[in-house]
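Single-structure report; data block below.
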Amino acid sequence: MSDVRRLIRDIDRGKNLQKNLPAYRNLLADTYLDYAAVELVFSSYLLVDSLPEYHGLSPEERALYEEVISWLRRLTGISREEISKALEEIQKVRDQITKRMEQYTFYTDRLICYEYVLDRMKLRFTEDKEIEGRLEDIQEEEFIKQLMAFVVAHEDQSIVRDRLQSLMGILPVHMTKNKLLEKIEQTVTLYKGSDVASLEGFAYMIRSAAMLHPLDESTDDEIDSLLTELESTDFKELDADTYKKLCDKLEQVSERICEITDFYYSLQKVVNGCYAFGLVKLHNDKNTETQKISHRILSAVVKGELEEEELEKLEGRIEECVEKSSYLEAVLFEVKSSCKEILRDLELEQEFEDYARIANLLSDSLFVDLAADNQEIIVDEQKAAQVAAELAEELSRKLAECKRPVKKAVMAAVLEKLPAGFPGTREVEEYIRTNLFGCQDISEKAAAILELEQMMSEAEYWQRPDSL
């Protein structure tokens with residue numbers, strides 16, 4: 001590993017690139033060859049093993065599963081000449097899964113907002129003497145002191161920022177639409193000088209929180225039916241029986257979404273592994289010992305004949321690949337973007353494009369856009385103004401359509417995505433005092449207090465040595 005570190009250091013310093021880049025290429029090719037094979041074995045095994053747990057799959061989803069399994073069978077014996085065509089087909093499957101997953105994400109965004117609305121109404125319709133007693137015992141000044149200590153006293157400023165943003169999403173919202181739009185515009189200006197992909201990622205996040213992304217027609221009839229019912233509900237006139245029915249339906253649909261999205265996560269992990277394995281085989285057709293073991297195990301997996309003891313033959317190899325690839329990837333994306341002329345002279349430009357794609361495919365970002373081409377485009381004044389104006393128009397229209405409880409839920413979800421932007425601790429304390437203890441809706445205030453208590457309790461639990 002010391003030779004690898006030395007090579008990476010020299011490349012990072014721009015030393016002897018004509019010699020070092022081909023050596024670096026060989027390390028990438030060998031590392032990814034085994035990494036992709038082992039990753040594919042374990043992700044495929046987990047998918048096949050967990051299939052019986054998915055009870056609500058549609059015929060289309062089962063057909064998609066069978067298509068992925070068929071690709072696993074073909075990849076174990078595919079020739080180098082067939083790989084390019086195979087990758088086009090695998091890309092289509094990946095796009096299909098990504099599209100489906102995106103729709104279920106948009107469903108989740110909407111259900112989170114309605115869950116917020118129903119949660120804030122809970123104490124209007126349920127009697128819980130223990131909770132009521134605990135809330136009656138809360139002393140305003142003591143609670144604010146405790147919450148301030150939790151939020152702003154942490155030595156890690158990144159944790160302080162995260163907790164402030166969580167706070168903004170939990171506290172009752174008492175803010176005008178114009179003030180919210182002003183905060184969004186201020187946040188957009190922070191992206192000037194950065195790459196466009198980052199700004200578009202922020203805009204996507206705001207649209208998700210505000211339920212602005214459109215849904216495809218008839219993605220899931222059960223979820224569509226519930227959303228239609230929630231959208232037409234007059235929450236001011238809600239009675240206890242209807243409230244309970246809505247909560248029960250929401251819980252049932254949420255469980256269904258969790259199961260389906262878990263299935264798509266597992267499926268996409270296998271597809272990414274197939275894609276990465278095919279790409280690396282284009283440039284490295286070695287048949288290493290790890291390759292041989294992986295092929296035998298993979299063949300047993302797709303036939304449903306695997307004995308778990310066989311996986312022990314790959315024990316420790318995935319950790320070795322992950323460690324080595326993490327060193328190599330430290331300069332991969334910089335080399336790809338900054339050394340184009342040298343890579344072109346060495347006839348390695350396309351190959352390094354593929355290695356960058358493999359790095360993304362084997363990362364935890366399962367649904368990363370492999371075709372993103374805006375990483376090097378910089379946000380200027382015009383682009384920032386355009387995005388801010390688009391978000392303002394879309395959000396204004398959405399808020400005008402929403403009933404008041406839903407409007408507050410949308411605003412809370414958006415606020416949680418924005419930098420809190422408090423000048424100091426005094427302003428944070430005043431915001432808590434005004435928005436929480438100044439809230440006149442007893443049920444909404446109680447729900448926020450309970451959620452804040454839970455947040456503090458969970459953080460305390462994970463800080464305890466015996467929780468690890």
Side-chain angles (χ1 to χ4, degrees), residues 112-113 115-117 119-124 128 130-190 202 205-206 209-210 395 399 404-405 407-464:
I112 285 173
C113 276
E115 182 181 35
Y116 178 102
V117 173
D119 185 61
R120 293 311 191 261
M121 303 175 70
K122 183 177 181 179
L123 291 186
R124 295 184 196 175
D128 190 320
E130 182 181 345
I131 291 178
E132 290 174 3
R134 198 162 87 246
L135 291 172
E136 288 174 0
D137 291 338
I138 285 179
Q139 301 297 314
E140 179 178 331
E141 293 304 319
E142 182 60 32
F143 186 83
I144 292 175
K145 181 180 178 181
Q146 180 187 4
L147 187 56
M148 286 293 295
F150 170 76
V151 173
V152 302
H154 202 284
E155 59 187 20
D156 188 332
Q157 288 304 301
S158 65
I159 292 178
V160 172
R161 286 193 296 272
D162 288 344
R163 289 179 177 177
L164 279 171
Q165 285 186 263
S166 296
L167 186 73
M168 298 298 290
I170 295 172
L171 291 177
V173 177
H174 296 99
M175 181 180 291
T176 64
K177 179 195 73 174
N178 288 339
K179 181 64 177 177
L180 178 63
L181 297 180
E182 181 185 324
K183 287 177 71 67
I184 292 174
E185 184 178 5
Q186 290 170 351
T187 304
V188 168
T189 62
L190 300 177
F202 167 76
M205 183 173 62
I206 295 301
L395 188 55
L399 293 175
R404 189 168 183 274
K407 179 179 179 180
K408 294 181 73 171
V410 168
M411 294 180 74
V414 171
L415 279 170
E416 192 172 356
K417 306 301 180 186
L418 303 175
F422 291 106
T425 56
R426 182 179 301 174
E427 287 77 9
V428 177
E429 182 176 333
E430 187 57 34
Y431 189 87
I432 295 170
R433 192 185 311 279
T434 301
N435 286 52
L436 181 59
F437 288 98
C439 180
Q440 299 304 305
D441 187 318
I442 304 302
S443 180
E444 184 179 5
K445 178 165 70 173
I449 290 173
L450 292 174
E451 192 171 349
L452 290 167
E453 284 188 331
Q454 182 180 3
M455 182 174 70
M456 290 187 284
S457 176
E458 287 177 354
E460 182 183 358
Y461 171 80
W462 288 111
Q463 288 171 358
R464 284 170 19 201

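Note: hydrogens, waters and symmetry copies are ignored here, and every other heavy atom, side chains too, is used.
Note that CZ of Phe202 is 8.5 Å distant from CG of Leu190, once rounded to the nearest 0.5 Å. The distance from atom CZ of Phe150 to atom OG of Ser457, rounded to the nearest 0.5 Å, is 10.0 Å. Rounding to the nearest 0.5 Å gives a distance of 6.0 Å between NZ of Lys407 and CG of Leu399. In this structure, the separation between CG on Leu123 and NZ on Lys445 is 12.0 Å, given to the nearest 0.5 Å. Note that the CG atom of Leu167 and the CG atom of Asp162 stand 12.5 Å from one another [nearest 0.5 Å]. Expressed to the nearest 0.5 Å, how far OG of Ser158 lies from CZ of Arg163 amounts to 10.0 Å.
In Gln440, the CD atom is not crowded: 12 or fewer heavy atoms of neighbouring residues, nucleotides or ligands sit closer than 6.0 Å. For Gln165, the CD atom sits in a packed shell: over 12 heavy atoms of surrounding residues, nucleotides or ligands are nearer than 6.0 Å.
Proximity of a side-chain donor or acceptor of Glu458 to a complementary backbone N or O of Met456 within less than 3.5 Å is not detected. The closest donor-acceptor contact from the side chain of Asn435 to the backbone of Pro172 lies under 3.5 Å.
Counting heavy atoms from C-beta outward, Pro405 and Glu444 have side chains that stay 4.5 Å or more apart. Between Leu181 and Glu185, every side-chain heavy-atom pair lies at or beyond the 4.5 Å cut-off. Looking at Thr425 and Val151, their side chains never come closer than 4.5 Å, going by heavy atoms from C-beta outward. Side chains of Leu164 and Arg161 form no contact here, defined as non-hydrogen atoms less than 4.5 Å apart. Side-chain contact between Phe422 and Val152 is absent, with no heavy-atom pair separated by less than 4.5 Å. Contact of the Leu418 side chain with the Met168 side chain is not registered, since no non-hydrogen atoms from C-beta on lie closer than 4.5 Å. Within the 4.5 Å cutoff, the side chain of Lys183 has heavy atoms near those of the Leu415 side chain.
A salt bridge is absent between Glu182 and Lys177; no separation between the charged side-chain nitrogens and carboxylate oxygens falls under 4.0 Å. Between Asp441 and Arg124 there is a salt bridge, since at least one side-chain N of the basic residue sits less than 4.0 Å from a carboxylate O of the acidic one. Taking 4.0 Å as the cut-off between side-chain N and carboxylate O, Arg433 and Glu429 count as a salt-bridged pair.
Judged by distance alone, the side chains of Glu430 and Thr434 do bring a donor and an acceptor atom under 3.5 Å apart. With no hydrogens or angles considered, no side-chain donor-acceptor pair links Gln146 and Glu142 at under 3.5 Å. Side-chain contact, Asn178 with Thr176: no donor N or O sits under 3.5 Å from an acceptor N or O.
Because its NZ or CZ atom is both nearer than 6.0 Å to the ring centre of Tyr116 and within 45° of the ring axis, Arg120 counts as a cation-pi partner of that residue.
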side-chain contact (heavy atoms from CB on, under 4.5 Å) evaluation trace for Leu436 with Phe143 | CA-CA 11 Å; Leu436 181 59; Phe143 186 83; 3.8 Å; yes
Tell me, with the steps shown, if Val173 and Leu180 meet side-chain contact (heavy atoms from CB on, under 4.5 Å).
-> CA-CA 11 Å; Val173 177; Leu180 178 63; over 6 Å; no
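Across every non-hydrogen atom of Ala413 and Lys417, the tightest pair is O-CG, 3.4 Å.
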